[in-house]
Amino acid sequence: MDIVVRNAALRGLKGTTDIAIKDGVIASVQPKLSQKGRQEIDAAGSLVLPGLFNLHFHADKCLLGEVMRPNVSGTLPEAIEITKDFKRKYDPAEVAARAIRSLEAGVKNGTSFFRLFSDVGTIGGLRAARGLLLAREKFGRYCDIQVVAFPQEGIARDPGAAELLDEAIKEGCDIVGGLPWYEYTDVDARDHIDICFEIAKRYDRDIHMLVDDTDDANSRSLEYLALKTMREQWHGRVTASHCGAMAGYNDVYAAKIVDMVATAGITISCNAHINLVCSARLDREPRRRGIVRVKELLTRGVNVVTSQDDVNDPYYPFGKPDPLECASMIAHVAQLTLPHELEQVMDMVTVNSARAARVKSYGIATGNKADLVVVGAPSVHEALRTQPLRRHVIKNGREVARAVVTQELVG
Ligand SMILES: [Zn+2]
């Protein structure tokens, strides 16, 4: 065996388990394995998870907070505005280098799959996309990377963006992005969604849009996205991020939309920490939180994930990035605190994300891809509570990161 991980605590199993890895695949999962590994890892009762996901990350903008002025209003429109100047000057090599700094941090925290959003539009052209494709080329041995062609300035609002999106897919982007709520009118928002579907169908691609990321409860693009997904039979191939307008829907309308989203097989990514920072900046008290109705979605069987979204950029000045921090955040915001709800939260950065990305052979079972994290805490509860340094991170059967820091009381 290449690696044997011993004494692992696995979700849903009592006692500890050994995991044998060979040629990038999990070869055996047993309570006690007699085979020896060329590398032996003692998990010592720690929780071992399959590789973590970050399904929504604007890596082209990450760490711009180090060089640009703060977002004074804290709103999304100002964030979009102050990023424009930087985008005009984007150099793909610089974008890639900056992205890799954050990817490296994410891998150390156990992330084995990233979906990176690259701004595509007439301001920056394809420079951000080329930067993230370069990052994938350079850093792909540490993690899986998908690149989204994302029209950050809209499509109707940015004539020429549709052609650039098409070009970005031809150059190697994997996923068709979208931002329909940002258009000026409902008609334009629907046209935006139609154009994204045209491109997705032309190249047989999945779709990941930022939908109704506004405090305006009348924003209606999630409704149309769900309808379009059903009509085009793109079930299971569409993810909608944010959808914070749903927080302000009346309950009857919300129930209809939750049902449509479930029927369409749309995944919802609730990136709670971003919305807590950016949403409801125009509200007086009490302030809404811009959070989609997570519990209602879960109850209806919708696939819900949570993602990092931003790392120190004009939208959000924090972000380690760490999927366990994101999971802890959504547990707070959506009030998911019971034992079975903590399991639901952990699913969001593991199996639910894998389902959304249509990743096959995922999970700790014989024959699956050997992407594992030795968390450094004994249970899901403790992992979310303490978010410890990840002791070992294994990608495609190879150890790619480990924690060597110790911390102790002295004196
Ligand atoms: Zn985003």
Side-chain angles (χ1 to χ4, degrees), residues 55-56 76 154-156 176-197 200-201 206-272 274-276 278-280 283 286-307 330 333-336 341 344-345 347-348 352-353 355-356:
L55 210 60
H56 177 155
L76 290 175
I155 294 178
V176 180
L179 188 69
W181 68 270
Y182 187 63
E183 303 291 1
Y184 285 127
T185 68
D186 286 350
V187 172
D188 283 353
R190 286 197 288 273
D191 287 348
H192 181 125
I193 291 170
D194 286 345
I195 289 167
C196 294
F197 267 88
K201 289 173 71 185
D206 291 357
I207 291 171
H208 191 149
M209 292 194 188
L210 280 60
V211 182
D212 293 343
D213 190 8
T214 165
D215 300 308
D216 178 6
N218 295 313
S219 192
R220 289 289 180 261
S221 49
L222 183 57
E223 178 185 75
Y224 185 70
L225 178 67
L227 181 69
K228 183 78 177 171
T229 303
M230 289 188 259
R231 284 186 177 156
E232 300 292 350
Q233 299 186 323
W234 230 242
H235 297 76
R237 303 191 64 177
V238 177
T239 297
S241 282
H242 301 296
C243 311
M246 191 187 276
Y249 292 170
N250 70 63
D251 291 336
V252 176
Y253 182 67
K256 182 187 94 165
I257 296 302
V258 167
D259 194 60
M260 286 177 72
V261 165
T263 306
I266 290 176
T267 290
I268 301 288
S269 183
C270 178
N271 311 335
I274 308 301
N275 285 109
L276 288 178
C278 284
S279 299
D283 280 5
R287 285 171 187 271
R288 289 165 290 178
R289 302 185 301 164
I291 305 298
V292 72
R293 297 181 182 219
V294 175
K295 280 193 177 175
E296 288 163 56
L297 291 163
L298 290 172
T299 301
R300 182 61 182 80
V302 173
N303 192 44
V304 178
V305 307
T306 187
S307 321
I330 200 166
V333 174
Q335 300 178 334
L336 296 165
E341 291 172 332
Q344 288 178 313
V345 164
D347 284 347
M348 292 181 192
N352 293 5
S353 289
R355 187 178 308 132

* Could you go through the side-chain contact (heavy atoms from CB on, under 4.5 Å) check for D188 and D186 one step at a time? => CA-CA 5 Å; D188 283 353; D186 286 350; over 6 Å; no

* To do: In plain terms, say whether R288 and D283 are close enough for a salt bridge, that is, a side-chain N and a carboxylate O under 4.0 Å apart.
  => yes

* Roughly how far, to the nearest 0.5 Å, is the OH atom of Y249 from the CG atom of D212? -> 4.5 Å

* Asked: Do you know which two heavy atoms are closest between H235 and T263, and how far apart they sit?
  -> CD2-O, 3.2 Å

* Asked: Hey, what do you get for OG (S353) to CG (N303), rounding to the nearest 0.5 Å?
  -> 7.5 Å

* Donor-acceptor pair, side chain of T306 and main chain of M348, under 3.5 angstrom -> no

* To do: Evaluate salt bridge (Lys or Arg N to Asp or Glu O under 4.0 Å) for K256 paired with D251, printing each intermediate quantity in order.
  => CA-CA 9 Å; K256 182 187 94 165; D251 291 336; over 6 Å; no

* **Side chain proximity check, V305 to I268, heavy atoms < 4.5 angstrom** => no

* Asked: Do H192 side-chain atoms and L179 backbone N/O form a donor-acceptor pair below 3.5 Å?
  -> yes

* Spell out, as yes or no, whether a donor-acceptor pair under 3.5 Å connects the side chain of T229 to the backbone of A264. => no

* State whether the side chain of E223 and the backbone N or O of I257 hold a donor-acceptor pair below 3.5 Å, judged by distance alone. => no

* Asked: What are the two closest non-hydrogen atoms of I266 and A226, and how far apart are they?
  -> CD1-CA, 3.6 Å

* When rounded to the nearest 0.5 angstrom, what is the spacing between CD in Q233 and NZ in K201? -> 9.5 Å

* Minimum heavy-atom distance I207-W234, with the two atoms named -> CD1-CD1, 4.1 Å

* May I ask you to test the M209-P180 pair for a side-chain heavy-atom distance under 4.5 Å? => yes

* Structure fact -> dist W181:CH2 -> S221:OG (nearest 0.5 Å) comes out at 9.0 Å

* To do: Keeping the roles fixed (side chain from R220, backbone from A189), state whether a donor-acceptor pair exists under 3.5 Å.
  => no

* Asked: Are the side chain of N352 and the backbone of V304 linked by a donor-acceptor contact shorter than 3.5 Å?
  -> yes

* Structure fact -> Nearest heavy-atom contact between V333 and R289 is O-NH2, 3.0 Å

* Structure fact -> side-chain contact (heavy atoms from CB on, under 4.5 Å) with V238: of T267, L225, I193, only one passes, and it is L225

* Measure the CG-SG distance between L210 and C243 for me, rounded to the nearest 0.5 Å. => 8.5 Å

* side-chain contact (heavy atoms from CB on, under 4.5 Å) between T214 and Y182, intermediate numbers included -> CA-CA 9 Å; T214 165; Y182 187 63; over 6 Å; no

* D347 and R355 ion-paired at < 4.0 Å -> no

* Checking side-chain hydrogen bond (donor to acceptor under 3.5 Å, both in side chains) for the pair T239/S269: CA distance, chi angles, key distance, verdict? -> CA-CA 7 Å; T239 297; S269 183; over 6 Å; no

* Pair H56-H242, side-chain contact (heavy atoms from CB on, under 4.5 Å): steps then yes or no -> CA-CA 10 Å; H56 177 155; H242 301 296; 3.7 Å; yes

* **Close side-chain approach of V176 to F197, heavy-atom, < 4.5 Å** => no

* Asked: Hey, is the main chain of I274 close enough, under 3.5 Å, to the side chain of N271 for a donor-acceptor pair?
  -> no

* Any ion pair linking E341 and K295 (charged N to carboxylate O, less than 4.0 Å)? -> yes

* Asked: Is there side-chain contact between M260 and M230, with at least one heavy-atom pair below 4.5 Å?
  -> yes

* To do: Could you go through the side-chain contact (heavy atoms from CB on, under 4.5 Å) check for I291 and C270 one step at a time?
  => CA-CA 7 Å; I291 305 298; C270 178; 3.8 Å; yes

* Would you check if the side chain of D215 reaches a backbone N or O of A280 as a donor-acceptor pair within less than 3.5 Å? => yes

* **side-chain contact (heavy atoms from CB on, under 4.5 Å) partner of L222, chosen from L227, V261, V258** => V261

